[in-house]
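Quick notes on the structure that follows.
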Number of protein chains: 2
Amino acid sequence: MPRRTKAEAEATREALLDAAEDVFLEKGVSRTSLEHIARHAGMTRGAVYWHFKNKADLFHAMLDRVKMPLQQIIDDITAERQASGPLNTLRLATLHAFEMLERPRSCRVHTILMHRCEFISDINPVELQNRLASDCREVVRRCFQQAHDEGLLIDEIAPDVATLMLHSMIGGLVHDWLRAPDSFSLRESGGEAIDSLFQLITRSARS
Amino acid sequence: MPRRTKAEAEATREALLDAAEDVFLEKGVSRTSLEHIARHAGMTRGAVYWHFKNKADLFHAMLDRVKMPLQQIIDDITAERQASGPLNTLRLATLHAFEMLERPRSCRVHTILMHRCEFISDINPVELQNRLASDCREVVRRCFQQAHDEGLLIDEIAPDVATLMLHSMIGGLVHDWLRAPDSFSLRESGGEAIDSLFQLITRSARS
DNA sequence: ACACGCATACATACATGAATGTAAATGCCA
DNA sequence: TGGCATTTACATTCATGTATGTATGCGTGT
């Protein structure tokens with residue numbers, strides 16, 4: 001029974017993307033065929049090829065439904081640069097990214113990106129994440145530099161080192177948590193670790 | 001021209017594994033066929049099927065030629081628990097793992113593991129890394145606990161939090177560096193970040 | 001209000017290519 | 001000469017892309 005209403009067509013498109021998330025998460029991207037996805041959504045491959053050009057197109061459509069955590073951090077930092085100082089801006093942006101990641105769809109999609117796929121067509125997530133990481137590091141670095149200039153950072157830590165510490169901690173926490181979300185709480189334990197880092201490198205807190 | 005001497009047969013086995021590293025690294029595991037690997041080594045698929053049962057078997061043989069960095073850290077910690085205190089043991093073990101990772105073969109294989117493969121047969125690297133991460137965290141935690149009991153750790157940081165901080169920093173640094181080895185030096189910049197962390201959480205250094 | 005026509009939203013069928021596993025053939029060393 | 005290392009050839013499976021079929025929603029004219 002083809003040709004539903006326009007709203008129903010959009011619903012099946014979303015259903016196909018939902019199914020893609022499920023199957024990608026379970027079997028990995030390269031091992032799932034479009035047939036798998038279609039059947040999991042209760043349809044056939046024809047529906048997939050109607051809504052999407054091919055597997056890569058579907059994959060990118062799936063990515064478009066979520067926001068990259070590093071992009072979120074970049075946006076948060078550049079948006080509210082006043083707040084209560086650069087260090088607090090960094091800390092809050094990080095915690096905000098953690099909150100976003102705990103949303104089910106975000107969690108699934110980013111787990112797929114980090115642990116369930118290697119390449120997709122010619123645009124691979126490694127390069128994508130690479131650019132994002134580079135941009136994010138630069139924004140964070142400028143923030144730490146500003147904190148340093150305002151005397152908020154302790155002398156023992158150079159802005160570049162603080163940048164690497166924060167950036168690697170974020171990446172490591174996200175990576176580990178997405179691999180095993182039940183092993184610890186990203187918001188609680190992860191947030192605690194981030195808070196501790198900022199407590200350690202903030203001058204006023206240690207005198 | 002088949003049937004060289006036994007030593008030459010072993011050499012072709014190694015050549016096949018070398019080729020596998022190259023091609024996996026370039027195209028990703030799922031997108032490389034055994035034909036690709038064989039041709040890159042100057043042979044045919046038959047040679048591959050003689051030395052290895054299938055792709056998964058070859059993959060695991062490739063893994064067996066290197067040591068997991070987290071396993072290295074575990075071994076280092078459990079081996080030389082005397083050294084100059086638990087904190088220094090942790091620090092040196094981490095830096096040692098970084099050194100190991102900069103060896104070409106280690107670098108290639110672990111890049112493949114982190115960024116070029118999703119699943120391989122029924123044994124997937126995610127589960128493998130998961131167990132390792134869990135074990136390593138436990139060993140590190142015990143080490144931090146000992147440091148805490150000996151009064152080496154500052155009061156602001158609980159052993160569990162220190163564990164998560166160190167573990168996530170290691171994971172993040174390795175992850176980022178393997179994705180873009182030219183963006184920074186793991187030994188230098190990464191080591192500096194690790195050193196700074198230990199400097200921040202060590203009591204004697206701040207009074 | 002109702003029939004008409006067309007574009008839409010799928011399902012089905014088919015052709016192609018690629019990767020796999022295996023069996024047979026072949027040469028080389030001991 | 002016989003078993004080892006490797007190639008070649010073949011059958012099978014599987015995913016893809018495309019082409020075609022088809023029924024329905026929806027706008028249009030009257």
Side-chain angles (χ1 to χ4, degrees), chain A residues 1-20 22-62 112 116-124, chain B residues 1-20 22-24 26-62 112 116-123:
Chain A
M1 42 298 191
R3 187 64 218 275
R4 319 288 185 72
T5 176
K6 184 169 278 188
E8 283 176 309
E10 182 59 24
T12 67
R13 190 191 126 101
E14 295 294 312
L16 287 172
L17 290 176
D18 289 345
D22 288 345
V23 188
F24 282 160
L25 194 59
E26 185 192 338
K27 314 188 50 167
V29 174
S30 67
R31 293 172 66 90
T32 76
S33 65
L34 297 182
E35 174 89 17
H36 291 144
I37 295 173
R39 303 286 277 225
H40 193 265
M43 323 225 158
T44 66
R45 240 161 19 107
V48 175
Y49 276 100
W50 173 254
H51 287 283
F52 310 98
K53 189 184 168 195
N54 50 29
K55 194 172 173 180
D57 187 39
L58 183 147
F59 186 82
H60 285 105
M62 184 189 75
I112 291 169
R116 300 289 193 278
C117 81
E118 49 200 45
F119 284 118
I120 188 69
S121 107
D122 43 5
I123 294 181
N124 62 336
Chain B
M1 41 298 197
R3 186 60 218 277
R4 318 287 185 71
T5 174
K6 183 170 274 188
E8 282 175 309
E10 182 60 23
T12 68
R13 191 191 126 101
E14 296 294 312
L16 287 172
L17 290 176
D18 289 345
D22 288 345
V23 188
F24 282 159
E26 186 193 338
K27 314 188 48 167
V29 173
S30 67
R31 292 171 67 90
T32 76
S33 66
L34 298 181
E35 174 88 17
H36 291 144
I37 295 174
R39 301 286 277 226
H40 192 265
M43 324 227 157
T44 66
R45 232 157 30 94
V48 175
Y49 275 102
W50 174 255
H51 288 283
F52 310 98
K53 189 184 168 195
N54 50 30
K55 193 172 173 179
D57 187 40
L58 182 148
F59 185 83
H60 285 106
M62 184 190 75
I112 292 168
R116 300 290 192 278
C117 81
E118 49 199 44
F119 284 120
I120 188 68
S121 108
D122 43 6
I123 295 180

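Numbers restart at 1 for each chain; the letters A, B, ... are given by sequence-line order, proteins then strands.
Residue A:W50 places at least one side-chain N or O under 4.0 Å from the OP1 or OP2 atom of C:dA9. In this model, the phosphate group of D:dT8 is not approached by any side-chain N or O of B:T44 to a distance below 4.0 Å at OP1 or OP2.
Computed from coordinates, the A:K6 NZ to D:dC26 P distance equals 9 Å when rounded to whole Å. Regarding B:Y49, its OH atom lies at a distance of 5 Å from the C1' atom of C:dT20, rounded to whole Å. If you measure from atom NE2 of A:H51 to atom C1' of C:dA11, you get 13 Å, rounded to the nearest angstrom. What separates CD of A:E8 from C1' of C:dT8 is a distance of 13 Å, to the nearest Å. Counting to the nearest Å, the P atom of D:dA5 and the CZ atom of B:F52 are 13 Å from each other. If you measure from atom CZ of A:R45 to atom P of C:dC14, you get 14 Å, rounded to the nearest angstrom. Put simply, CG on A:L34 is 17 Å from P on C:dT12, counting in whole angstrom units. Atom P of nucleotide C:dT12 and atom CZ of A:R39 are separated by 9 Å, given to the nearest angstrom.
At a threshold of 4.0 angstrom between heavy atoms, the contacts of B:S33 are confined to the sugar-phosphate backbone, with no base atom among them. Residue-level contact check: B:A47 touches the bases, meaning some heavy atom is under 4.0 Å from a base atom.
In terms of modelled atom types and a separation under 3.5 Å, the side chain of A:T12 and the main chain of A:A15 share no donor-acceptor contact.
To the nearest 0.5 Å, the span separating CG on B:L58 from NE2 on B:H51 amounts to 10.5 Å. Between A:E8 atom CD and A:K6 atom NZ the span is 13.5 Å, to the nearest 0.5 Å.
At least one side-chain heavy atom of B:F52 sits under 4.5 Å from a side-chain heavy atom of B:L16.
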